[in-house]
Every structure is written in structure tokens, then in C-alpha cells.
Amino acid sequence: MKKMLAMLLAVAMIVACFAGCQSNAPVDTNQPADSQQPTDSNQPTDTTAPEPVQPESNVGPDGREFADEQVYRTLYSSEVTTMNYLVSGTTYELVVGANTIDSLVENDPYGNIVPCAAESWESEDETVTLIVPAVKKLNDNGELELVSERTTEEANGQKWTFHLRAGQYWYDADGNQKDPVTANDYVAAARYVCDSAMDCSNSYLMDGWIVNATERLDYTAALLAEPVEQGKEEGKDQDIVIDADGVIWEGKDWDEDKGVYTTWVEIPLTNPEDLSVEAVDDNTLVYHLVKPRPYFPTALQFGTYWPAPAALLAELGENYALDNYSMWFNGAYILSTFKPQEKRIYTKNVNNWDAEHIYIESIEQTYNAEASTIAPELFLRGEVDYADIGSDIVADWLSDPEKSQMISSSRVTGDYSYFFGFNFEPTFDAEYEPENWVIAVNNENFRKAVFHGIDRDGYLAAKYPGDDPEIHKINTVTPKGFSVNNGKDFVMYGGLAKYTETESFNEQLAVEYRDKAKTELEAAGCKFPIKVPINYNSSSSSWGNATVVLEQQLENLLGADFIDIIVVSYSGNSFLKETRRNGNYALQELNWGADFMDPETWADPFERENSYNFFCHDTDTYNVYRDTKTEETNALIDQYYALVDEARTKTGDMDERFEAFAAAESFYIDHAIVVPGFISGGSYCATKLNGFEGQYAMMGQSSSRYKGQHLYKTAMSQDMFDAQYNEWYASMGN
């Protein structure tokens, strides 16, 4: 059954992806009329998928009866660190905002972009004015000389206009009506996100997108750096200065011999009102983009673009949304109770514009540090309405006549792609011989030996016990079905097709590349066995088990005399900080979540400054750059970025765009810079919901919303899930 579902899922994802749009399903309002995305005038209200049929009785589409009391009860074991959706980039924390804040658009159950806070929208190309900063350089006399003054240049940009739904209000935690929701709330939120003092991890979705967003972020960051008087700076760390005229400059091109920066680039004064997000009137909102982004509506499901009450935001600043009484709500629910590490209660917002489609009246979430352990038993006792069924008990549930009727799969959504990354700028401990690793990782044959030596079926069997690995496995960084143009999946374009249609694990090729690598590495002075520290998060036992499997695979196939896999455990709370972001790994399971529905999003983790494998020229942002890449590796870097840069210019013809991005991604895989891995989801659960009633998307926060779902008296069985899946798939295909 699972193999069949996996095949259906692959097809369904392809149909769904551009069957509308996204915030989890992309809408390209600038697409040609014959594309699978809506055309560029108005919002896609005329989607091809049918509206979900609401039963007239108390029986849902899967035959179960609605619960008499629509109160959904769950446990949680980890408290949010913030509820400020403008600041957080963490999915778990954004769930709060997803259920309490209406975004401009949302997704229907089939992945189509549909109106939400905005009733309609349109886009048009426009010419925008961009700032070109002044530049000073150190001349032969050791003096700074102005070599270019600040100028402006015109560029091909894009204007997006959203027409807001009138008559909506903000409500406080007690349900009291506050200010009207207006376009000014979106403007205020954008200015907040683009103020570096607020440290918004989501700001990257405006940086380089909105006219003057980059300049505003840079200027506010410079102010935080407390610039010193130019000429009195000391050392490389003092790279932000201010001249006698009050102009701020940033140092570039550090000269180690002279101990000075030889180039200084102006950081122009940029005020909040310079950010090109405009409230034409209370109900008309305009974003001015620095370049055409046909997929722009698909990014609007992230907290970056959600509104916040302008007056409250101005009053509270960085203290906005510290708790439920320091924020207001305009979405489907009001967070009426928030007691950290005790309880969260969401209450239906009866004044919401779409209140008739908000069926669950209350969501009660109770804290328990042992939630994952005790939830299944509490579900059986009727005390909670949802429980994850872990790999340690799934066999017991499936074999029990009663429990087996209370367990079902969940959908694989493909919003996150997991891959194994090689680190080209290692900072791990000397005991693991980072200098020796540098020699190895710069050898392409070595990387290809590992690439073809990883048996992902075995890895995934340990990672997701009981699941068919085919449900999860992908052969490209971009998941199957994520981006589709005129019925053709992105992963079937160009050089990606050969990877999509073949299995990367190949024992014969792995050994052949090992033998080639060994000869070359010996000549380069590499020591054997090559030590390869691989980290895993100790909060996940299945990740630990899978990493041990990976160790056994590579050492058994390539030889323990050739490679020594060292499994290293790090704690959950500090895992990313202590490993990937610090360059403290050789090979590691990494992941990236999509930000918008377009192939470009999967190139973003490997940008010119990145902590995903440091396959880039400039990683000073992360203070790990060691310049340990060879001339050959640097040449590959240049070729890759040339391909990505070219692909980003293709904003009209989507076939050209997809071909160009496929060339970049296939180049990355051709040279074994990463090893594509898998997507998550598909795990077992016990639930009294029917997820097929809710919003669906392959990215963003739509799938986190409870709006549109009912609570049922009994649990969904696997047979019910299968039937609902097939109906969902058939509806998407119509």
C-alpha cells in the first residue's frame, strides 16, 4: 500500500504544485496564460480544483461523525522562545502566528493560492531606482581617495498591488476589538523586519526583494556596530567607520601587510519611509520589488510578510509578542491563554471574515516534557486527540486489532529537502585531522566515492522505521513535484533528469572512484584512513541510529583502511550552533526549507556566504573562513555561481528559467558537492482530525493551520487515510 501511495504522491505533488500557488503552493501571477499557474492580472479564484464539499450532516467525508464538542486537545514538550512571527524563522514558533494572523493569501486543500486578508491582487513591471554607494580607495600615498560618488541606477523591477478586505479588526487576548486592520499594518511590519535592531531572522525574504530593504538593513546594522571616527579605526574588526560629514563607511579588501582596509564603501543613510512598501490608502497595499519575481505571492505565507498592528508595534518595539497580551490577533483564532510550560489555548475568532469555515472552536495544548512518550496512552484513554506513534511502538499498534484502527499515515509534503553536505572549510577538533580532511574533500573522486557509497534505503530504514524508503527518497536537492511548468516537473529538466531516473547508490562506481581517489590523495600527501566526523542531534534516536548505519555502509564498502567515520553526538538545543553554523563537521545530514515556490529557493542555501557546506568564497559572516579550497575547487565555485546568476535573470520564459536552474543544480550534483537525500513526513500518528480538510502546501505555514478542519469522535484509520488520499489526488487531477 505504501509503495502505491508513494507513486501517487509523486504524481499528486506534480499536479498540486502549480495547480495554484503557494505559501506552500506557488502562484505565479506573471506566468503565461497556458502555464499551470494563474495568469498575471488577478488572484487565482478560478482554480481548477473543486471546493471541498462540506457535509450537510454531522458526518465528515471519511464517514466519521463530528465530535459533539469541537475542542481539540494535544500535548507539547517544547516551549516556544518567541511568538513574534516577524522575528522568528522557526516553523514550530510560526505555528502560533499561522493560526492567529491572517496573511494576504492562503492555500486551499489542494495547494491553490486563494484570497485571505487580500481580496485580489495584480502585478506589473516597472522601472525602479536603486542606490549605488560611493567608494573610497587607498591611493599610493596611503590616503583615502573618493573614486566614485553616490549615484542611482534604473533597473527592471516589479510592482505588486494588494486590495485588502475591508471591515477587519485586531482583537486582544480577551477578544476585545481594537484597531482596524489596514495597509499601514503591513507597512509597519515591513519596517520592523528591515530594522537590524530587531534581529529578524526572516528579513532575508525582504533583503534583496523589496526596494531599499538591503540598504535599510545595512544602515541599521551599521548603527548597531557603533562606528568609530574614520582614521582612528584599529584592526580588521573595526570595519564600520563614520567620517567628518556623518557618512558611514564599511571597510572592504583587508590588506594583511599594511593592516588596513584598502577600499571603503558608503552605507547610505536610509530611513524607514525609504523602504518601498506603500499604503496607498487603508485598503491598498503596494510592494515595489527590485526585480521581477513571478512567484512573489508564494512567499507571503511566511511571517516576514504578515501584518502587525502599527500602533502596538510602535509602542512595544522589540517587546512585541513576548506573550499573548503583548500582541493582537486578526486570524482564525485568538491565543486566549498562554502559560509557558503549562498551557496554550486558542479560541475561535468569531469575528473573522471566514468564521463560517472555522469549525474547531478551541485548541487546548498542554505542556508535558514527556509528551512523545505518554501521548499515545492518553489518546487511547480519550484524554488527547492526537499522538505521534513512534518507531518504538508502531509495530505493536499495527498488530493490535483495536489500536490498528486508530493509526494512520501522514502526508509527505516535501517542504524540506535533506541532503548530505561536504564541508570545505572545516573547523572541527585537531584530533579529527581537519588538514587531512581538507586534502580529501577537495578531491572530486573522493567525494564521488562517498556519493555513490551511501545506501539511502538503509539509512532511511533506520531514520523512518516501518516506512518504505521510496516514500522519502529524492535524487535531487529540489524535491519531486515542487516546481512544475506546463506539466513538466523541474527535476526532469536538463541534467537533472538522469539523476531523477537513476539510483545514486552504486557499489561498483563507489569502489572505482575510491581507487582513483586513493592514488591522487596519496600523491597529495593524504593520510589514511581519512577521518570523517559526522554529527547527529542526540534528541533524535532515529537520527543517531541512521548515522551509525551510514558509518557501517561507508566503512564496509570503501574499507576501514580508507575511511574512518566518526559518529559524534551533540545536544538538541545547541546542535546547529555547535555544528553546521560553526563549520564543525566533515559530512553531515543537512536540510533546507523552501521559502517560495520556484527552483531558485533550492539554490539559496548554497549562496556566496553560507554555512551549509562553505562551498563559497566569502564566509566571514560565520567567522570560519580558512581559504582551504584548492584552485580547482574555486574554479568550480565560479562556474556554479555563474550558472545561478544566469538562471536568476530568466523571469519571463519559464522553460528557459527551469532549464537554467536545472543546469546549476545538476552541476552541483555532477561534482558531488552534496549528496541528495530525502524528504520527511509520512510518519504514523493517531488523530481525530482529517488533514485533507485543511490547507495544503509544500512550503510556508498553510499546512500548520487548523482552519477548515473538524474534530471527529473517533480516530482516522489507515483505510480512511488511503480513501481520503485517493479522493484528494483525484480532485487535484481534475
Side-chain angles (χ1 to χ4, degrees), residues 5 24 52-55 57-76 91-92 95-96 98-100 106-111 331-333 344-348 354-366 371-372 375-390 394 397 403-413 415 680-697 701-729 731:
L5 287 177
N24 255 76
V53 177
Q54 297 301 331
S57 67
N58 67 337
V59 176
D62 56 15
R64 290 181 293 161
E65 290 186 13
F66 300 154
D68 296 331
E69 186 180 28
Q70 290 292 304
V71 178
Y72 179 57
R73 303 156 302 165
T74 65
L75 298 182
Y76 70 98
T91 299
Y92 181 70
V95 169
V96 177
N99 285 288
T100 60
E106 62 185 14
N107 291 96
D108 70 9
Y110 308 100
Y333 292 92
R344 294 194 292 253
I345 298 177
Y346 297 84
T347 303
K348 175 179 175 177
D354 203 20
E356 65 176 313
H357 295 122
I358 304 168
Y359 305 115
I360 297 175
E361 298 285 340
S362 177
I363 301 164
E364 297 183 358
Q365 301 175 340
T366 304
S372 61
E377 179 60 29
L378 294 183
F379 185 90
L380 292 173
R381 285 157 40 181
E383 296 180 29
V384 297
D385 303 307
Y386 178 89
D388 286 315
I389 307 302
V394 67
W397 277 61
K403 293 177 184 176
S404 64
Q405 297 306 303
M406 302 181 187
I407 187 173
S408 60
S409 304
S410 60
R411 276 182 295 189
V412 180
T413 57
D415 53 344
S680 59
S683 57
Y684 286 103
C685 64
T687 180
K688 291 183 181 178
L689 300 181
N690 180 347
F692 295 100
E693 293 180 317
Q695 298 181 30
Y696 171 79
Q701 292 300 311
S702 270
S703 295
S704 299
R705 291 179 167 140
Y706 291 105
K707 174 182 172 181
Q709 298 185 65
H710 294 88
L711 179 68
Y712 291 84
K713 290 182 178 180
T714 57
M716 173 177 277
S717 68
Q718 186 64 48
D719 287 343
M720 292 177 185
F721 177 90
D722 293 345
Q724 288 293 290
Y725 186 97
N726 292 336
E727 290 180 14
W728 175 75
Y729 163 71
S731 295

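Just so it is clear, the values below take in all heavy atoms, side chains as well, and ignore hydrogens, waters and symmetry mates. Computed from a prediction, not measured in an experiment: that's the story for all the values here.
- Relative orientation of the Tyr725 and Phe692 rings is perpendicular, given thresholds of 30° and 60° on the angle between their planes.
- Counting only heavy atoms from C-beta outward, the side chains of Ser409 and Tyr684 approach each other to under 4.5 Å.
- One distance of note links CE of Met406 with CD1 of Ile389; it measures 10.0 Å at 0.5 Å rounding.
- Remark: the backbone N or O of Gln365 is not paired with any side-chain donor or acceptor of Arg344 at under 3.5 angstrom.
- Atom-to-atom distance recorded for Ser717:OG and Asp62:CG is 8.0 Å, nearest 0.5 angstrom.
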Could you walk me through whether His710 and Asn690 pass the side-chain contact (heavy atoms from CB on, under 4.5 Å) test, one step at a time? CA-CA 7 Å; His710 294 88; Asn690 180 347; over 6 Å; no

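- Residue Tyr386 comes nearest to Cys685 through the heavy atom pair OH-CB, 3.6 Å, listed as atom of the first residue, atom of the second, then distance.
- Between the CH2 atom of Trp728 and the CZ atom of Arg411 there is a distance of 5.0 Å, given to the nearest 0.5 Å.
- With hydrogens and angles ignored, the 3.5 Å screen pairs no side-chain donor or acceptor of Asn107 with any backbone N or O of Tyr110.
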Report the C-alpha separation of Gln70 and Lys348 in whole Å, then their side-chain angles, then the decisive distance to 0.1 Å, and conclude whether the side-chain contact (heavy atoms from CB on, under 4.5 Å) test is met. CA-CA 10 Å; Gln70 290 292 304; Lys348 175 179 175 177; over 6 Å; no

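- Taking the side chain as every heavy atom from C-beta outward, Pro61 and Glu693 approach each other to under 4.5 Å.
- Between Gly60 and Tyr712, the shortest heavy-atom contact is CA-OH, 3.5 Å.
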Checking Gln701 against Val95 for the side-chain contact (heavy atoms from CB on, under 4.5 Å) test, could you report, in this order, the C-alpha distance in whole Å, the side-chain angles of both residues, the deciding distance, and whether it holds? CA-CA 7 Å; Gln701 292 300 311; Val95 169; 4.3 Å; yes

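- No side-chain donor-acceptor contact under 3.5 Å links Ser362 to the backbone of Val71.
- Here the straight-line distance linking atom OG1 of Thr74 with atom CG of Asp388 works out to 10.5 Å at 0.5 Å rounding.
- Contact between Lys403 and Leu380 at its shortest, heavy atoms only, is CE-CD1, 3.8 Å.
- Across all non-hydrogen atoms, the minimal contact from Arg705 to Gln709 is O-NE2, 3.1 Å.
- Between Trp397 and Ile407, the shortest heavy-atom contact is CB-CD1, 4.0 Å.
- The two atoms that bring Glu356 and Tyr359 nearest to each other are O-CE2, 3.3 Å, heavy atoms only.
- Judged as a salt bridge (charged side-chain N to carboxylate O under 4.0 Å, His left out), and not counting sequence neighbours, the contacts of Asp385 are Arg73, Lys688.
- In summary, of the residues considered (His357, Glu106, Gln695), a side-chain hydrogen bond (donor to acceptor under 3.5 Å, both in side chains) with Lys707 occurs for Glu106 alone.
- Considering Ile345, Val96, Ile360 in turn, Ile360 is the only one that fulfils the side-chain contact (heavy atoms from CB on, under 4.5 Å) rule with Tyr333.
- Separation of atoms OG1 (Thr366) and OH (Tyr76) is listed at 7.5 Å; rounding is to 0.5 Å.
- To the nearest 0.5 Å, atoms CD (Glu361) and CG (Leu711) are separated by 11.0 Å.
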